Structure formats: structure tokens, C-alpha cells
> 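Below you will find the structure I want to go over with you.
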2 protein chains.
Amino acid sequence: MATIRDVAKLAGVSVATISRYLNKTGYVNIDTELKIKKAIETLNYEPSSVARGLAGKQTKTIALILPDISNPFFPELARAVEDVASTYGYTVIFCNSDDQGAKERTYIELLKKKYIDGIIFASNTLNKHDAEQINVNGIPIVCLDRAPDNHICSVVRSKNREGARLAVEHLLESGCRKIAHIYGPRDLITAQERMKGYEDAVKSLPWYSPSLMVPGNFRIDGGMQATETLLHGHPDIDGIFAGNDLMAIGTLKALHRMQIRVPDQVKVCGFDGIQMAEIMEPELTTVAQPIYEMGAIVSRLLIKKIEGSLDTNEIYELDVTLVPRKSTQKEAQL
Amino acid sequence: MATIRDVAKLAGVSVATISRYLNKTGYVNIDTELKIKKAIETLNYEPSSVARGLAGKQTKTIALILPDISNPFFPELARAVEDVASTYGYTVIFCNSDDQGAKERTYIELLKKKYIDGIIFASNTLNKHDAEQINVNGIPIVCLDRAPDNHICSVVRSKNREGARLAVEHLLESGCRKIAHIYGPRDLITAQERMKGYEDAVKSLPWYSPSLMVPGNFRIDGGMQATETLLHGHPDIDGIFAGNDLMAIGTLKALHRMQIRVPDQVKVCGFDGIQMAEIMEPELTTVAQPIYEMGAIVSRLLIKKIEGSLDTNEIYELDVTLVPRKSTQKEAQL
DNA sequence: CTGAAAGCGCTTACAG
DNA sequence: CTGAAAGCGCTTACAG
């Protein structure tokens with residue numbers, strides 16, 4: 001492959017001029033510009049990103065650290081990140097952390113060595129110390145959902161609490177008179193916020209009891225187990241708000257096995273708005289996060305930070321929307 | 001950050017020796033090794049991958065080009081790729097091609113500039129010309145499913161034809177007497193092979209007719225439409241083999257809307273073994289590809305090629321397994 | 001077993 | 001508007 005030196009020789013100018021032309025930094029005479037253009041074309045020259053990285057400290061590469069791409073929530077997010085990254089000429093390295101701090105740290109070390117330009121953190125275990133660690137190295141970072149304590153990076157998240165309230169209110173309006181909640185891992189801020197939203201909506205109601213909140217793990221199996229527990233303790237439940245769609249799917253499965261009809265006997269609402277919700281039978285009502293948009297925004301923020309046009313760290317809270325489907329349909333509508 | 005020069009100075013040896021120590025190339029005296037170790041530790045030295053890339057032409061980075069990570073088939077594959085890559089110290093860049101040749105070519109250009117060590121191609125539009133283009137540049141490449149004509153790269157795929165035959169035979173055994181097939185895009189080899197498998201199994205049967213094969217697009221909506229078409233033309237169909245799970249999900253949805261009971265009136269079988277198949281109601285019978293394993297194998301092959309311990313290009317055909325579920329259950333078993 | 005030196009392919013002041 | 005030169009942080013023959 002041709003190098004910048006070859007181009008310089010062929011065009012009859014210096015390497016520096018080629019570089020200036022390529023990066024549009026500094027003026028280049030129109031005539032020499034033409035010569036350069038021609039030389040580049042005939043040589044089929046492509047500048048080496050690696051050399052650029054070494055010399056200029058910019059690799060046009062960002063990293064996306066997420067818990068697990070197999071979790072149905074993340075593919076759409078990842079797609080959005082890659083889409084906007086690529087339109088800005090960035091390339092994305094993707095890392096599965098399994099929400100393990102150790103893996104995250106290992107990746108961060110690796111990424112630093114690669115002179116990565118920035119990191120999108122969609123993982124939950126990043127603590128203050130780690131974030132500072134990254135910041136010390138001057139690597140821009142933007143987080144999803146979780147804000148690592150001090151305002152060390154921008155954060156993009158949905159209105160989880162409000163969304164949860166919406167979900168419960170929708171269940172109430174659909175005729176539910178006793179609504180339970182299956183919550184996700186307590187160390188996840190999303191799970192906490194959704195739990196709060198549930199409490200906001202029901203704590204003043206006569207039937208409310210803390211035993212209506214049971215733990216799940218944000219996975220299908222957790223939703224199934226929690227549902228069994230729930231109906232064992234409270235056979236009169238007629239509404240379940242699951243902290244995410246996967247658990248809601250588990251709920252639907254469990255109810256089906258128990259031969260409890262949805263939405264006739266029990267109505268179910270999830271949270272997230274993943275594709276799977278729509279293919280369920282009955283179709284699952286959910287509070288949809290703007291997943292693709294979240295990915296797009298977080299990427300744009302990061303790129304702005306990298307390119308220096310953003311130096312404040314703010315929290316962006318995105319609106320959620322209730323998507324009513326069959327699983328919460330009123331009897332009258334049937 | 002400390003550089004190799006700092007380490008050399010502190011350890012009182014030359015840069016070359018540090019490099020040799022780091023790369024385990026050439027002998028290093030035990031005493032100086034100790035000094036080097038200490039120096040590295042006190043300086044917290046981490047070699048720059050970028051500099052290594054420039055000097056040594058190895059970036060320890062591979063690319064995964066797939067059509068769309070949002071397609072439920074790919075997350076698990078991507079996860080496998082990343083898992084094995086990371087255990088071998090490689091990092092993975094992921095690219096969504098949407099099966100568009102133009103995007104693929106753009107990516108390849110970009111990746112070449114980044115001195116990527118190798119490419120995994122899970123996309124379908126790579127043609128002979130492109131593959132040669134890559135090969136000319138000496139970038140190792142391994143493909144999924146599709147072999148670009150001449151044996152220019154290794155290929156990993158499942159036994160699609162055999163799997164399709166298995167599916168149809170299973171439907172026959174389950175009591176079906178007229179089985180239709182919804183096939184995927186004709187330019188995809190997987191779709192072609194599965195169609196052949198279907199034909200293998202049914203073409204000698206009395207009821208066989210080419211009109212029992214209708215096109216889908218490998219997506220849910222395609223499965224729905226095809227199913228409607230099918231039942232319109234052949235109301236007596238009692239079995240449908242969809243070319244992939246997404247279309248089978250569409251089939252289930254369409255049948256539900258038409259109030260046709262599965263598996264009582266019509267039995268349905270898909271292909272792929274994605275997670276979604278299991279959450280359907282009724283649960284979807286499918287021919288499962290070893291998705292994770294495919295990703296793992298393809299990655300190992302690529303890394304072997306990169307590291308020079310593999311120079312032949314072969315085709316690896318992996319076994320598929322029929323996973324019988326509710327959607328094909330015999331009446332007797334109900 | 002170890003060092004000096006060239007080179008990987010760029011960018012970036014500094015002069016002019 | 002343009003060039004010479006140093007530098008980014010490594011690796012790799014080549015000597016010794």
C-alpha cells in the first residue's frame with residue numbers, strides 16, 4: 001500500500017503538505033491541491049489510521065461496554081451506537097462485561113492501550129473509583145442509566161420512576177384492584193426507580209402491602225418464579241407490573257402454566273419495550289424506553305465530548321411511552 | 001503514561017531488551033529480567049497497542065461484519081465471537097452491513113486502514129471480487145454460511161439441508177399429511193439449502209405441489225403474509241415448515257389471528273433455535289443451529305489463521321438438532 | 001544475552 | 001502557502 005511519502009513524491013510536494021490537505025488543517029494552494037488529489041487517486045492512497053493514531057492520538061474508535069449483547073435489550077442499543085458512530089467516521093469495539101467489575105476493569109486497561117477515543121458505558125458496576133481512573137486518563141466517557149456518583153460523566157437514561165407510575169396507573173384504569181410488583185436487582189438504579197414508581201402509585205391505596213413486591217432478576221426465569229411466589233401468597237392479585245419485559249414474559253409463561261387467563265383474570269405490564277413483548281400471546285403491554293434513541297443520543301454525546309464541543313456533564317432523562325396491548329385489555333373491550 | 005523508553009532507563013537496559021522481554025522473543029538474562037519486571041511495575045507501564053500496531057503490523061483486533069445485530073440470530077453469535085476473541089487477547093470491532101455490498105466495502109476499506117488482523121464475515125453479499133480484494137491485502141478472513149465461490153476463505157455453517165429434512169420428517173411423524181414451506185430470500189444459501197431439504201423430504205409424496213412453497217423474507221411479517229397466502233390457496237394444509245424461526249413466529253401469529261389452532265389443526269416448525277422460539281405460546285418446535293458454537297469456532301479459526309497455524313481453507317459443517325416443542329405435538333400426547 | 005539504529009506512517013510545531 | 005525535522009512508542013534485523 002502507498003504511504004504519504006509516495007504521494008508526496010508523486011505530487012512533488014512535502015509530506016507535511018499532504019497531511020495538511022488530508023486533515024484540512026492550514027491552507028493549501030489550489031494548484032498543489034489538484035496535484036495532490038491526482039497523486040492520491042493514481043496511487044489509490046489510504047492513510048493509515050494506526051499511524052495517525054500514534055502521531056495524533058486520535059484513533060476514531062470508541063468502545064461500547066455492555067453487560068451482555070445476548071440480553072434482548074442491548075442489540076437495538078448497540079445498533080444505534082454503531083449507526084451514529086459510523087456516520088461520524090468512528091468504529092466501535094464492543095465488550096461484554098457480564099456486569100462484573102473485574103471484566104470491566106480489564107477491558108478498560110486494554111482500551112487505554114489502544115488509544116480509544118471514548119467509552120460508552122451501559123454496564124452497571126462501574127464505581128466511582130473506576131470512573132475516576134478513566135477520567136484521569138482523559139478518556140471521555142458517557143454512561144447509560146447509572147451515574148457514577150459525582151458528575152464525572154454525562155448520563156442518558158429514561159424516566160424510570162415516572163414510567164413505572166404510568167404502568168401501574170394503566171393497570172388501575174384497566175380495572176385492576178390489587179397490583180403486585182416484581183422488581184429487578186436492587187443494586188441497579190433502574191430497578192430501584194421503577195420500584196419507587198410503583199410505590200408512588202399504590203402506597204396510599206387500601207390494599208397496599210409490602211409483600212406485594214417480590215424480587216426477580218430481570219430475567220425470564222426470575223419472572224416465572226416471582227409470579228408463582230406472588231400468586232401463592234396473594235391468590236387475589238389481578239394485576240402484575242414486572243420491572244422489565246423479560247420478567248413480564250416469565251410472568252405470562254407462569255400464569256399460562258397455572259392456567260390463569262391473561263388479561264381476564266390477571267393483567268400484566270412490563271417495562272422496556274423490547275421486540276419480544278410484541279410476539280407474546282397475549283401481546284404484552286409495556287412501558288417502552290426509546291432504546292434506539294438512547295443509543296443514538298449517548299453516541300452523539302460521546303462524540304461531541306471527544307471532539308471538544310461539549311465539556312459539561314449532564315443527565316438526560318428521556319420520555320417513556322406506555323404501549324397498551326392485549327395483556328392489559330379491559331374485559332369490556334374483549 | 002510511561003513508555004518503553006522510561007522502563008529501559010529505569011531498568012538500565014536497552015529498549016530492545018524490554019521489547020524482547022515483553023514479547024518473549026529472544027533470550028533475556030534472568031537478572032535483567034528481574035530488573036525489567038520491577039521497572040515495569042514501579043512505572044505501571046503498559047505497552048501501547050497502537051505503537052505496536054504500527055511497528056509490528058499486529059493490532060490484536062478483529063472485525064465482525066454481520067447484517068444486523070438487531071436480528072435475534074446474531075447477538076448470541078456476536079457474544080461467542082467476543083468471548084473467544086477476548087480470551088485470546090483480541091478485541092472485536094462490530095459492523096452492521098444490512099447485507100448491502102456498498103456498506104461492506106466501505107467497512108472493509110476502513111478496517112484495512114486500521115490494520116485489523118482479520119475479519120469474520122457473517123454477511124451474505126460478499127462476492128468473489130470483494131473477497132479477493134481482501135485477500136490481496138493479506139487479511140485473513142473466515143465466513144459464516146456463505147462460501148465466496150473459490151476457496152478463498154474457511155467457512156463455518158450448519159447442515160441446513162439435512163436440518164430441513166429433519167424438520168419435515170418430524171412433521172410427518174407428528175401426523176401431518178400436507179406440509180407447506182415458507183422459504184427465505186433466494187439469494188441466501190441458507191434459504192436455498194433448507195428449501196432443498198424440504199423438497200428432498202416431500203417431493204415423492206402424492207400431495208406434493210410446488211405451490212406449497214411460498215416466499216418469505218426471513219422476518220416475522222414475511223412469515224405472517226406467507227401463511228395467509230398459503231392457507232388461502234391450500235386450506236387443507238396441516239403442517240408448515242418455515243425457513244427460519246422469525247418466519248415461524250409470524251406463522252404462529254397469523255394462525256392465531258385466523259383462529260386456527262396450533263398444533264391441533266396445523267403444526268409449525270421453524271429453523272435456527274433462537275431464544276424467541278421458546279417464549280412463544282405454543283412453544284415453537286425448531287431445528288436448532290449451534291449458534292454460540294458457530295461463533296466460537298469461526299473465531300478460533302480466524303485466530304489460528306492470523307497466528308499462522310492454519311493455512312488451508314475448509315468448510316466446517318456443524319450438526320443441527322431438532323428441538324420438539326408444543327407447536328408440533330401429536331394429538332395423542334395432548 | 002544485549003545494544004544501536006532504522007523504520008513503521010503519520011502529525012505538528014517551527015521556520016521561511 | 002510550504003518544507004525540514006522531530007516525535008508518537010514500539011519492533012526488528014544486524015552486530016557484537
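The sequence lines fix the lettering, A, B, ..., with proteins before strands; numbering per chain opens at 1. Remember, it's a predicted structure, so these values are computed and weren't measured experimentally. Side chains are part of it too, since the values below use all heavy atoms of this structure and drop only hydrogens, waters and symmetry mates.
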> Give a yes/no on whether any side-chain N or O of T17(A) is located under 4.0 angstrom from OP1 or OP2 of dG3(D).
yes
> State plainly whether the residues D117(A) and K305(A) are in salt-bridge range, i.e. N to O under 4.0 Å.
no
> Find the partner of dA13(D): check Watson-Crick (N1-N3 plus N6-O4 or O6-N4) and G-U wobble (N1-O2, O6-N3) distances, both under 3.5 Å, and reply none if neither fits.
none
> Which one is paired to dA4(C), where only Watson-Crick or G-U wobble pairs with both distances under 3.5 angstrom count?
none
> To the nearest Å, how far apart are I36(A) CD1 and dT2(D) C1'?
10 Å
> Determine whether the side chains of S48(B) and Y115(A) contain a donor N or O and an acceptor N or O closer than 3.5 Å.
yes
> Summarise how protein sits on nucleotides 8-16 of chain D as a single string, 5' to 3': B when a protein heavy atom is under 4.0 Å from the base, S for sugar-phosphate-only contact, - for no contact.
BBBBBB---
> Between D68(A) and S70(A), do the side chains contain a donor N or O and an acceptor N or O under 3.5 Å apart?
yes
> Does a side-chain N or O from T32(B) land closer than 4.0 Å to OP1 or OP2 of dC1(C), or not?
no
> Using the rule given for side chain to side chain donor-acceptor pair (under 3.5 Å), can you reason through T61(B) versus K114(A), listing the C-alpha separation, both sets of side-chain angles and the distance that settles it, and then say yes or no?
CA-CA 10 Å; T61(B) 305; K114(A) 297 216 171 193; 2.7 Å; yes
> If the threshold is 4.0 Å, N to carboxylate O, is there a salt bridge linking E109(A) and K112(A)?
yes
> Is it true that D83(A) and T87(A) share a donor-acceptor pair across their side chains at a distance under 3.5 Å?
no
